[in-house]
Amino acid sequence: MTLHAPPPPLSGRDPANLRGDAITGDRYFSSEFAQREWDMLWTRIWHIAGRTAEMPEPGDYVVHNFMKESVICIRQEDGSVRAFYNSCAHRGMRMVGQSSSADMIACPYHGWRYGLDGVLVHAQDPEDFPQGNPCGKLKLRELRCDTWGGFVWYTMAEQGPSLAEYLAPMPDVYRNYPMDTAVRVAWYRIALNANWKFVTDNFSESYHTRTAHPQVPPWIDQDVDTARHEMWPSGHGRTVQPMRPSLSDRLPEHLPHPYKMILQAWGIDPDSYASYEDLAMQGWLDLKAAKRRLWKERGYVHYEHMNDEELTDSPHTVIFPNVTISFLPDNLVFFRSEPHPDDPGKCYFDLWCMAFPVEGQETVESIMAGPRPLKEATECEHRDFDAGRGIPELAGQIVYQDMELAEGMQAGLHSKGYQDAYLSAQETRVRFFHEVLNDWLEGRRP
Ligand SMILES: [Fe+2]
């Protein structure tokens, strides 16, 4: 992809950018609405199948099951990645269950085998087909496939935007992050009793942070006027918040302060500032300067191309419609929601905690899942949230607090007492998400 300066965003805090489409409850539980999302959205957008790091060698493949569909993305001899429907050209059998590695894709039913390029190379009794030997002739049905950010993407749409067009301007916006190098250290897929849109709604605003995540303001400034709310006509958007203490929520003096520990880690004495305001504001500038000065000798190679904002701040980013990536100086946190195949009131919530390798560090702070060894998680942990009981090791984490709210939100949306959201300006992106979704559902996109 060619990278250039991104186009200016729309204000994500200005309701003048909205039409005012209602966010009605049925969007979250109606089967007809979910069917329309399948027909008009999911079969037309680009999906992430996995990380490129999962498939370094030819024959390595990842399987992505989405609702009732299943797709195999497989590394080719020439290093490219191609995607095929996971459905045998013989009778339609689903051939492989999970990501793995093979010289050929073999169907367990009648033994047909396909090369990495999807062409059938072996069939039992090939001369018994009156219509002709299928070998060398039949092929798995192929999908468009591409990579960006260390992720493998595919789309079921035969026509339509390329991945670069679909993602624009995000590859430009995040051109300074060496995303391919990030290591996925924690990997979860959690069944939640909420519609998939709860997750995008939730990540499109920070208005809930003070109530739901009281531990955050002393670390990431939540004051309404310090955040930058940005959105693009495609539906992608982000909230950029300084990672410095909010001046209006202060931790009691005696408590350990996460921000002070960050300053200390970069050789700055937090007690050298005359006031709390100084600590927050000048300390934040001093942190940027210290990182700029010390990154190389400390092995923070991922800082090489980052700008002053990226060195310290938190651009929390939604890629329409269901992917969120929190870009942090040392981490990428990936969140995604995917609909349950049958029940619009349920979804699967993916949490991938990724960290940029730092020379000499063997353990990393994963941000959402606590300290982890710096190595690729080999298997996805499938859990049922079950009011938190299914994932006790995440208790108290930001993402756990969000999941705790999902079921109550889903329940409330069924109420006759709810008709539309009454949004603050800083929640503009929530309604904008639904308006862009409506554009897709009504055939005005892509
Ligand atoms: Fe949250």
Side-chain angles (χ1 to χ4, degrees), residues 12-13 23 28 186 188-224 226-231 236-246 248-249 258 313-328 331-338 347-354 365-370 383 385 387-388 390-391 393-413 421 423-434:
R13 203 184 159 193
I23 308 174
Y28 296 83
Y188 291 98
R189 186 166 176 89
I190 303 155
L192 267 189
N193 291 322
N195 182 267
W196 69 274
K197 292 186 288 297
F198 165 80
V199 175
T200 300
D201 292 341
N202 179 67
F203 288 135
S204 297
E205 51 91 1
S206 295
Y207 185 55
H208 71 275
T209 301
R210 279 200 167 81
T211 307
H213 315 299
Q215 75 274 33
V216 171
W219 171 54
I220 305 180
D221 187 348
Q222 297 298 314
D223 291 5
V224 62
T226 49
R228 229 171 50 243
H229 303 266
E230 302 180 340
M231 61 189 195
H236 310 323
R238 61 182 195 155
T239 306
V240 185
Q241 295 176 315
M243 282 175 68
R244 67 177 183 226
S246 158
S248 48
D249 304 72
D313 292 351
S314 160
H316 189 66
T317 304
V318 172
I319 297 177
F320 180 87
N322 64 332
V323 168
T324 295
I325 303 175
S326 227
F327 290 79
L328 296 153
N331 306 71
L332 297 173
V333 192
F334 171 95
F335 311 90
R336 173 175 64 181
S337 58
E338 294 188 330
C347 72
Y348 296 101
F349 178 62
D350 292 313
L351 169 64
W352 303 357
C353 302
M354 292 179 265
E365 185 50 55
S366 74
I367 301 294
M368 293 289 164
R383 306 285 180 85
F385 186 62
I391 189 154
E393 72 269 37
L394 297 194
Q397 300 278 357
I398 298 169
V399 70
Y400 182 96
Q401 294 166 330
D402 285 327
M403 287 188 280
E404 283 184 297
L405 295 165
E407 209 162 311
M409 193 64 209
Q410 182 71 20
L413 288 164
L423 296 177
S424 59
Q426 65 190 291
E427 295 171 290
T428 295
R429 284 176 45 222
V430 175
R431 195 179 302 282
F432 191 65
F433 159 55
H434 287 268

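Please read these numbers as outputs of a predicted model, since none were measured by experiment. In each ligand, atom 1 is the first atom listed, and ligand 1 is the first ligand listed.
- Taking the six-membered ring where the residue is Trp, F334 and W352 present parallel rings, their angle staying beneath 30° rather than reaching 60°.
- Applying the salt bridge (charged side-chain N to carboxylate O under 4.0 Å, His left out) test between E230 and each of R429, R238, R13 identifies R238 as the sole match.
- The backbone N or O of M243 lies less than 3.5 Å from no partner atom in the side chain of S314, so there is not a single donor-acceptor pair.
- Between the SG atom of C353 and the CG atom of N331 there is a distance of 8.0 Å, given to the nearest 0.5 Å.
- Contact of the F335 side chain with the V399 side chain is registered, since non-hydrogen atoms from C-beta on lie closer than 4.5 Å.
- Closer than 2.8 Å to the Fe ion (ligand 1) sit the protein N, O or S atoms H208 NE2, H213 NE2, D402 OD1, D402 OD2.
- With R336 as the fixed residue, the side-chain hydrogen bond (donor to acceptor under 3.5 Å, both in side chains) test singles out one of T324, N322, D350, T200: D350.
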